[in-house]
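Some notes on the structure that comes next.
Nothing fancy with the numbering, it's 1 onward along the sequence.
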Amino acid sequence: MEWSGKKEFGDTALTDWFVGEGEQPTGKTRAFGNLTFATVYDAGHTVPRDRPAESLEMVRRWLANEPL
């Protein structure tokens, strides 16, 4: 994807993101500017079916403009 922030986004490290108080990470995330990439562990292409609580929290944070 051509984007002026492509290099900076690629240089940003992947970090863990969490749902709830657990010590196990929910997945990995990377963000720069207005682009965020996120993974959800143990989920396939149908994340809401595979990991409903985690996908709901991801959407809730997105709507609230909160980081993962």
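Put simply, CG on Asp42 and CG on Asp50 are 9.0 Å apart, with the number rounded to the nearest 0.5 Å. To the nearest 0.5 Å, the span separating OG1 on Thr46 from CZ on Arg51 amounts to 12.0 Å. Within the model, atoms CZ of Phe18 and CD of Glu54 stand 12.5 Å from one another, a figure rounded to the nearest 0.5 Å. The distance from atom CZ of Phe32 to atom NZ of Lys6, rounded to the nearest 0.5 Å, is 14.0 Å.
Shown are Thr39, Thr15, Asp16; of these, the side-chain hydrogen bond (donor to acceptor under 3.5 Å, both in side chains) with Lys28 is made only by Asp16.
Contact check for Thr36 versus Trp17: no side-chain heavy atoms found under the 4.5 Å cut-off. Two residues are said to be in side-chain contact when any heavy atoms from C-beta on lie closer than 4.5 Å; Trp62 and Leu68 fail this criterion. Side-chain contact between Val40 and Thr26 is present, with at least one heavy-atom pair separated by less than 4.5 Å. Within the 4.5 Å cutoff, the side chain of Thr29 has no heavy atoms near those of the Phe37 side chain.
In this structure, Glu66 places its CD atom where more than 12 heavy-atom neighbours from other residues, nucleotides or ligands lie under 6.0 Å away.
There is no path of hydrophobic side-chain contacts, each under 4.5 Å, that joins Met58 to Leu35. Val19 and Leu56 fall into different hydrophobic clusters, where Ile, Leu, Val, Met, Phe, Trp and Tyr side chains are chained together by heavy-atom contacts under 4.5 Å.
For Pro48 against Ser55, the heavy-atom pair with the smallest separation is CA-OG, 3.3 Å. Minimum interatomic distance between Gly44 and Val47 (heavy atoms only, all atoms of both residues): O-CG2, 3.3 Å.
Cation-pi geometry between Arg30 and Phe9 is met: the NZ or CZ atom falls under 6.0 Å from the ring centre, inside 45° of the normal.
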